[in-house]
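Within every chain, numbering begins at 1; the chains are lettered A, B, ... in the order of the sequence lines, protein sequences first and strands thereafter.
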2 protein chains.
Amino acid sequence: MESMTDAPIKITKTTASKLEQVDFSNLTFGKNFTDHMFVCDYKNGEWQTPEIVPYGPITMEPSAKVFHYGQAVFEGMKAFKDDNDDVFLFRPKDNLDRINKSAKRMAIPAFPESYFMEGLQALLNLDRNWIKAGAGNSLYIRPFVIATESGVSASPSSSYRFMIICAPANAYYKGEVKVLFAEKYSRSADGGVGYAKAAGNYGAQFFPTSLAQAEGFQQIIWTDAKTHEYLEEAGTMNIFFRVNDTLLTAPISDRILDGITRKSLIQIAEDKGIDVQVRPVSVKEIVEAAKNGSLKEIFGAGTAATINPISGFGHKGETFDLPKLESSYASNFKKELMAIQYNTKDDPYGWRHKVLS
Amino acid sequence: MESMTDAPIKITKTTASKLEQVDFSNLTFGKNFTDHMFVCDYKNGEWQTPEIVPYGPITMEPSAKVFHYGQAVFEGMKAFKDDNDDVFLFRPKDNLDRINKSAKRMAIPAFPESYFMEGLQALLNLDRNWIKAGAGNSLYIRPFVIATESGVSASPSSSYRFMIICAPANAYYKGEVKVLFAEKYSRSADGGVGYAKAAGNYGAQFFPTSLAQAEGFQQIIWTDAKTHEYLEEAGTMNIFFRVNDTLLTAPISDRILDGITRKSLIQIAEDKGIDVQVRPVSVKEIVEAAKNGSLKEIFGAGTAATINPISGFGHKGETFDLPKLESSYASNFKKELMAIQYNTKDDPYGWRHKVLS
Ligand SMILES: Cc1ncc(COP(=O)(O)O)c(C=O)c1O
Ligand SMILES: Cc1ncc(COP(=O)(O)O)c(C=O)c1O
């Protein structure tokens, strides 16, 4: 096994696979983990030899900085299998670049590309039977970094742990999704950490989201904290609005995650000749478009859901339903994207990355 | 031991105290922990029986939500010992109320008062020899809550762990403190989690603070994210400005922590007949006051530092030095506060809470 990586990855295989215990037709997202995990510690100013070990609990000091100061970042990516049992990632280098951008904002050292790419490959190779072919099946991959130094003073950790854990996933369908446009709470500030996949950004959304859920909305679309007049993104998805045949989405800023699905969709849509406007999208124009019938679709774009159509939204006590379309942008883009991801059509963009054959 | 608490706290004492190994005259803040820790798990919708156990590592799932979504809150408090070996806390109920307020914002269940107060008492009783008498000596107490459920989907955890760990501390003196007024980065947004002691608020400050440190400033004074025109607070301290004989400090909002030291100082200052103005404090007025000589002092107020005088500040490339005063508000308030904390004078406010005698 060691021979397949140039990076010095130490591999310890499990002696008791859990694969047979998992019902692959009925998976809860992010709940079952594969047999192995990737672990690499940072200390004395450098990343140590990466290891792949059986998936299992880790031991932490109660005073570890991640618990007290949320010094932690993560990524989300997926592996797909085609009918030849080849395994593919989607733009994996972008996930590495983004975790390192997130890490920089959280004062965490960057992780080396070779450790990441070769670590992924070795890990997927060991757990390749956890990846099932068939549209909608995938392996969700969660790289993350946590601050491990013991000490309750508010300063950057001197030690970190980079890990990759993996969970098999089925097609993502959560039923109808109605969203609430944020009016009071906010997700991020100018000059803040909203553009980073910093752990604390997510926990901070749970409470406002629970309030929205109590009103019958599954998710929130965050607006700018300054005025609440512009629509930014959802909790784990960037958001697109289709007004007549124009596609609108907010520009990237230091408040918004630079989503890989988002930028891929923009490219696909433009190549189809669709008018894509990347610009601030106001609540006002979307409410007006909903009222005059020109608002055709809203959908979220993100790795977990791929593309998630939204059936309606709430704003200032009013709710608006979106039309049910025969042939939506959302479903067309999703087909297109999945064809690239699952290797059922050519990839003109070079996004598909074969990792195992 | 069990008899001292009404709450059902299970106690397991250490068999190997580390007390003798610690040099109490030379402590690094937050690095040495006492012999015991308090642990209470939340599951099946309720807090389980609290335990006090020997301080030591804990075992966590790599997929625990605290690592991925920063669902975690904490508190900081201190125990003080007088010359009779009695031990006191300072307004401990306010820490409980605040951790529960923070918890609510982070979708974490509230912790019961009896478990908290009796847990603290039992823990301090076991570790009472770690608390040294003498002005400046204290035991820093860190209650915190982390989300422990295994699962990488962005939703609130169903299980939590509440812990209290303690670290002995000496008088806090970090040398001269110069601060930079934030111009680009920000700490919190309207509608965000800035008022909560949410873990992620702290990690998010490390990178901007490191940039300030590279310019010769030890800390940042955060300004409002909207305009950067108003001074809010420092990383772990609320901030006071003395202009002539008037004391200015920012009002509490959803961006600013409601500091216990801050509100105690406001009370003490008002009772001394000082004009205290709790109102937005503009960068402009402070820069002008520095230029015309009416700015006499800036100081931080927080549990760790008590009161921390600031020797100068930087703003838009200019630096301003503050005068060195014979008798400052900062040093007078600090004496007053410490006299209450260490039981060397009457406490007209009922802030001192005797926990062990
Ligand atoms: C806040 C946020 N926005 C958008 C996205 C979508 O990004 P991507 O398409 O790269 O998964 C995610 C998920 O990663 C996210 O966490
Ligand atoms: C952001 C922030 N501001 C102010 C303070 C000071 O609060 P207190 O006086 O209650 O310690 C703290 C420390 O607890 C803090 O973390």
Proximal component of B:Ile58, with respect to chain A [non-hydrogen, under 4.5 Å] = both

Report, as yes or no, whether the 6.0 Å neighbourhood of atom NZ on A:Lys104 holds more than 12 heavy atoms from other residues, nucleotides or ligands.
-> no

Contact part of A:Met60 toward chain B, heavy-atom cut-off under 4.5 Å: side chain, backbone, both or neither?
-> both

Sole candidate of B:Phe67, B:Phe74, B:Tyr202 that passes ring-ring contact (aromatic ring centres under 6.0 Å, His included) when paired with A:Phe67 | B:Phe67

Do the two ring centres, one from A:Phe144 and one from B:Tyr69, sit under 6.0 Å apart?
-> no

Of all of A:Ala189, A:Ser186, A:Ser210, which one pairs up most often with chain B through heavy atoms under 4.5 Å apart?
-> A:Ser186

Bottom line for A:Ser188: the part with an atom under 4.5 Å from chain B's heavy atoms is backbone

With a 4.5 Å limit on heavy-atom distance, are the side chains of B:Phe206 and A:Ser157 in contact?
-> no

Is a donor on one side and an acceptor on the other found under 3.5 Å between the side chain of A:Lys226 and the backbone of B:Ala225?
-> no

Check whether more than 12 heavy atoms from other residues, nucleotides or ligands sit under 6.0 Å from atom NZ of B:Lys18, and answer yes or no.
-> yes

Take B:Ser153 and A:Tyr140, measure what side-chain hydrogen bond (donor to acceptor under 3.5 Å, both in side chains) needs, and give me the verdict at the end.
-> CA-CA 11 Å; B:Ser153 69; A:Tyr140 182 77; over 6 Å; no

The interface call for B:Ala198 against chain A, heavy-atom contacts under 4.5 Å, is neither

Best-contacting candidate, A:Met106, A:Gln71, A:Glu61, A:Arg142, against chain B by heavy atom pairs under 4.5 angstrom = A:Arg142

Could you pull out the closest heavy-atom pair between A:Val152 and B:Phe29, with the gap in Å?
-> O-CE2, 3.5 Å

Could you check which of A:Gly56, A:Ala182, A:Ser155, A:Ala154 has the highest count of heavy-atom pairs closer than 4.5 Å to chain B?
-> A:Ser155

Structural part of A:Arg105 lying under 4.5 Å from a heavy atom of chain B = both

Identify which part of A:Ile146 has an atom lying under 4.5 Å from any heavy atom of chain B, answering side chain, backbone, both or neither.
-> side chain

Closest-packed option against chain A by number of heavy-atom pairs under 4.5 Å, given B:Gly70, B:Ala199, B:Gly30 | B:Ala199

Taking A:Gln205, A:Lys184, A:His68, A:Arg161 one by one, which has the highest count of heavy-atom pairs under 4.5 Å against chain B?
-> A:His68

Please determine, among B:Gly192, B:Pro57, B:Gly151, B:Pro62, the option with the most heavy-atom pairs under 4.5 Å with chain A.
-> B:Pro62

Which one of A:Ser150, A:Ala304, A:Gly194 has the most heavy-atom pairs closer than 4.5 Å to chain B?
-> A:Ser150

Please determine, among B:Ala72, B:Gly235, B:Ala167, B:Ser63, the option with the most heavy-atom pairs under 4.5 Å with chain A.
-> B:Ser63

Leading residue by heavy atom contact count with chain A [cutoff under 4.5 Å; candidates B:Ala64, B:Ala107, B:Pro156] = B:Pro156

